[in-house]
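Just so we're on the same page: letters track the sequence lines, and every chain starts at 1.
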Number of protein chains: 2
Amino acid sequence: MAVKMKDIADDLGISLVTVSKALRNHPDISLKTRERVAARVQELGYRPNLAARSLVTGRSMLVGFVVPDLMHPFFADVAKGLSAVLREKGYFVIISSSEEDPELECKEIEHMMAHRLDALVVASSQSSAEALAPIQQSGTPLILLDRYFDNFEAHFVGSDDYNAGKIATEHLIEIGCKRIAHIQGPDTSPGSRRLKGFLDTMRKHGLEVPPEYIIKAGSGDVEGDEHGIQALRTLQSLKRPPDGIFCFNDVIASGVILEAVAQGIDVPKTLAVIGCGNLHSNRLIRVPLSSVDQRSNEIGRRAAKLILDIVQAPEGTKPAGTKRVVLQGGLVVRASTDRGGISSRPGKKIGKG
Amino acid sequence: MAVKMKDIADDLGISLVTVSKALRNHPDISLKTRERVAARVQELGYRPNLAARSLVTGRSMLVGFVVPDLMHPFFADVAKGLSAVLREKGYFVIISSSEEDPELECKEIEHMMAHRLDALVVASSQSSAEALAPIQQSGTPLILLDRYFDNFEAHFVGSDDYNAGKIATEHLIEIGCKRIAHIQGPDTSPGSRRLKGFLDTMRKHGLEVPPEYIIKAGSGDVEGDEHGIQALRTLQSLKRPPDGIFCFNDVIASGVILEAVAQGIDVPKTLAVIGCGNLHSNRLIRVPLSSVDQRSNEIGRRAAKLILDIVQAPEGTKPAGTKRVVLQGGLVVRASTDRGGISSRPGKKIGKG
DNA sequence: TTGAAAGCGTTACCAT
DNA sequence: ATGGTAACGCTTTCAA
């Protein structure tokens with residue numbers, strides 16, 4: 001049906017092999033022949049068959065990327081960074097959304113792997129690395145993104161979530177908050193690291209964290225902002241509601257602000273709110289939201305570079321162990337924590353980020 | 001390197017062909033043999049090589065989806081719907097973002113096509129269909145999504161943009177707006193259709209639209225909400241600023257609201273604002289935004305079904321012409337147009353959608 | 001119920 | 001500088 005190399009070769013009265021080489025700019029082939037081939041390729045609308053090429057080279061030029069939620073701007077932005085860098089080298093990123101469902105994630109990975117990926121990037125919603133081990137053993141380079149597992153050696157690219165928790169908490173303390181609550185994320189590494197950063201910082205400053213100040217956002221079904229709404233209701237029903245909240249992410253924080261406004265609570269005076277991720281929409285919401293920037297696009301780009309390092313490494317150089325790329329974010333202050341004090345540089349990013 | 005059928009066959013002392021058939025549940029093979037094969041597959045961690053399969057079957061089980069911007073929630077949601085339906089039938093969607101750059105779009109399509117897609121879905125940022133014609137000629141089913149071209153016959157799935165413009169405009173008129181402006185989108189079909197729906201409706205109601213009330217949002221570089229901010233500044237500098245604005249999309253509308261709040265303009269009393277797309281974030285912004293819902297997820301699902309119809313059609317049945325699937329949206333009223341009148345059902349969706 | 005042989009479109013190797 | 005041949009892993013066709 002489609003045009004193939006043989007057609008071009010016959011057309012030009014040369015061998016198929018010559019065409020193959022000409023197409024890949026093999027130095028063997030004379031300039032004149034290469035031009036003749038190029039011309040016919042244009043005319044006939046020839047496209048190389050990557051499946052066939054992949055079969056013989058053993059490289060698919062395909063990189064898989066499994067995300068928990070394509071709709072989440074963080075992962076969409078990571079995907080853009082990842083694709084942009086890999087595209088330049090001829091790689092194609094195929095994306096799959098697991099909808100935060102560990103079982104679906106496994107199925108999707110299995111399906112992806114059948115395409116003989118040259119590398120697989122996973123922001124896993126698994127609670128353990130069990131399901132990922134077979135991949136690593138299969139020899140396909142595996143890069144964990146955003147979320148890692150203890151006791152599982154693998155490449156990792158993500159943010160310093162412990163430090164993000166610390167930065168956010170210190171900011172709240174700096175603007176005068178004394179009773180700070182945390183709305184926890186899922187049981188993945190960013191969730192527990194941000195929590196730990198929060199707790200350690202509070203302890204360091206001699207501030208108490210009553211257990212009811214740690215709210216576990218329900219998982220799965222409900223939208224993130226709905227978690228925030230529910231969490232604030234719970235917190236406000238306490239005898240002593242908090243005067244500051246560090247939320248696992250910006251979507252939850254948006255819900256908190258939505259509910260706070262509905263309850264007539266003054267943000268940031270009565271209640272300061274900070275999120276994490278620094279989504280672009282943060283400046284549009286009712287009370288523009290302070291956040292810790294995560295450099296999502298850069299995370300994607302770094303993952304891409306790591307992959308290129310791995311796949312382009314000479315044969316012998318492979319077993320160099322696993323690599324961890326941990327990016328530092330930075331504080332972005334907006335109205336939700338702007339009490340007019342020393343840190344009030346609205347919308348200005350502070351720190352290394 | 002990796003496990004292949006031959007390994008399983010040798011292992012079991014049967015032929016490679018038997019394994020192949022067993023794996024695909026071919027009725028030829030006895031249950032006992034199939035079970036033995038299945039067991040070994042598990043043990044050895046065999047994965048079929050789809051590139052090899054594709055080479056012989058001529059079907060890649062890959063569907064391409066080219067979007068102008070992966071970060072845009074509309075396309076992310078379409079992608080989710082598309083993937084969800086196709087995944088059930090064993091198809092995989094590979095997504096590529098053109099960043100609204102027609103040239104990059106061509107390159108990406110070319111690259112995708114080399115993977116021998118079974119179908120290609122494109123929300124094109126081209127201004128003409130020129131670049132898409134070769135694809136159609138190649139025999140790969142082409143589905144235009146969201147954006148179509150005049151004088152180019154192709155399958156299409158999208159919203160009724162003319163009607164969206166009409167619905168939004170009639171709503172503004174209904175709540176009492178007299179001087180209604182429109183912030184235009186890019187020069188693609190949704191942009192011109194929504195504009196036409198707006199103009200026709202205004203004329204029908206005997207309302208004037210001075211030329212300076214049609215603002216062309218700049219293209220490309222800048223973020224959409226920035227367009228909205230600039231556009232409102234321009235409109236407010238007029239002798240008679242509008243009392244209602246219909247924005248091409250919700251992101252532009254968000255910018256308008258942001259700037260209106262900054263200027264101390266009362267939304268919706270002094271200025272009513274409505275967008276299009278009904279993004280989930282609309283309820284979170286400063287003044288919750290009214291919009292015309294686009295049923296983005298459903299658009300994706302319908303595109304998937306159309307593809308399945310095409311690829312699963314028996315050989316002879318192919319040349320059935322092109323199909324157009326046009327979905328109707330519905331009005332969603334929120335605070336940005338809620339003047340306490342008859343249409344004030346906040347956050348409630350009205351209409352067929 | 002099973003299997004041998006041919007072939008899918010390409011690249012790698014070695015010869016010319 | 002050019003080309004013949006084998007191989008990549010699988011499915012299809014046909015024969016046993």
To the nearest Å, how far apart are A:Leu12 CG and D:dG3 P?
10 Å
Exercise: do A:Glu108 and A:Ser98 side chains pair donor with acceptor under 3.5 Å:
no
In B/S/- notation, 5' to 3', how is nucleotides 4-14 of chain C contacted by protein heavy atoms closer than 4.0 Å?
BB-BBBBBB--
A:Glu130 atom CD, over 12 foreign heavy atoms within 6.0 Å
no
Spacing of A:His26 atom NE2 relative to D:dG3 atom P, expressed in whole Å:
14 Å
Would you kindly give the CZ-to-C1' distance between B:Arg59 and D:dC10, to the nearest whole Å?
15 Å
Is it the case that atom CD in A:Gln312 sees more than 12 heavy atoms from other parts of the structure closer than 6.0 Å?
yes
Which atom names give the shortest non-hydrogen contact between A:Ala2 and B:Arg116, and what distance separates them?
CB-NH1, 3.9 Å
Derivation and outcome, salt bridge (charged side-chain N to carboxylate O under 4.0 Å, His left out), residues B:Arg147 and B:Glu100:
CA-CA 13 Å; B:Arg147 308 164 177 202; B:Glu100 294 278 7; 3.4 Å; yes
With a 3.5 Å cut-off and no angle check, do the side chains of B:Ser20 and B:Arg24 form a donor-acceptor pair?
yes
Nearest whole angstrom, please: distance from the P of C:dG3 to the CD1 of B:Ile14.
6 Å
Per the end-axis method with five pairs at each terminus, what is the bend angle of the helix from C:dT1-D:dA16 to C:dT16-D:dA1, to 10°?
30°
If the cut-off is 4.0 Å, is B:Ser30 near the phosphate of C:dT1, judged by side-chain N/O to OP1 or OP2?
no
Indicate, with a heavy-atom threshold strictly under 4.0 Å, whether B:Thr33 touches base, sugar-phosphate, or nothing.
sugar-phosphate
Let me see the working for A:Glu298 and A:Arg302 under salt bridge (charged side-chain N to carboxylate O under 4.0 Å, His left out), right down to the final yes or no.
CA-CA 6 Å; A:Glu298 184 65 16; A:Arg302 292 294 187 91; 2.9 Å; yes
Donor-acceptor side-chain pairing of B:Ser124 and B:Gln126 below 3.5 angstrom:
no
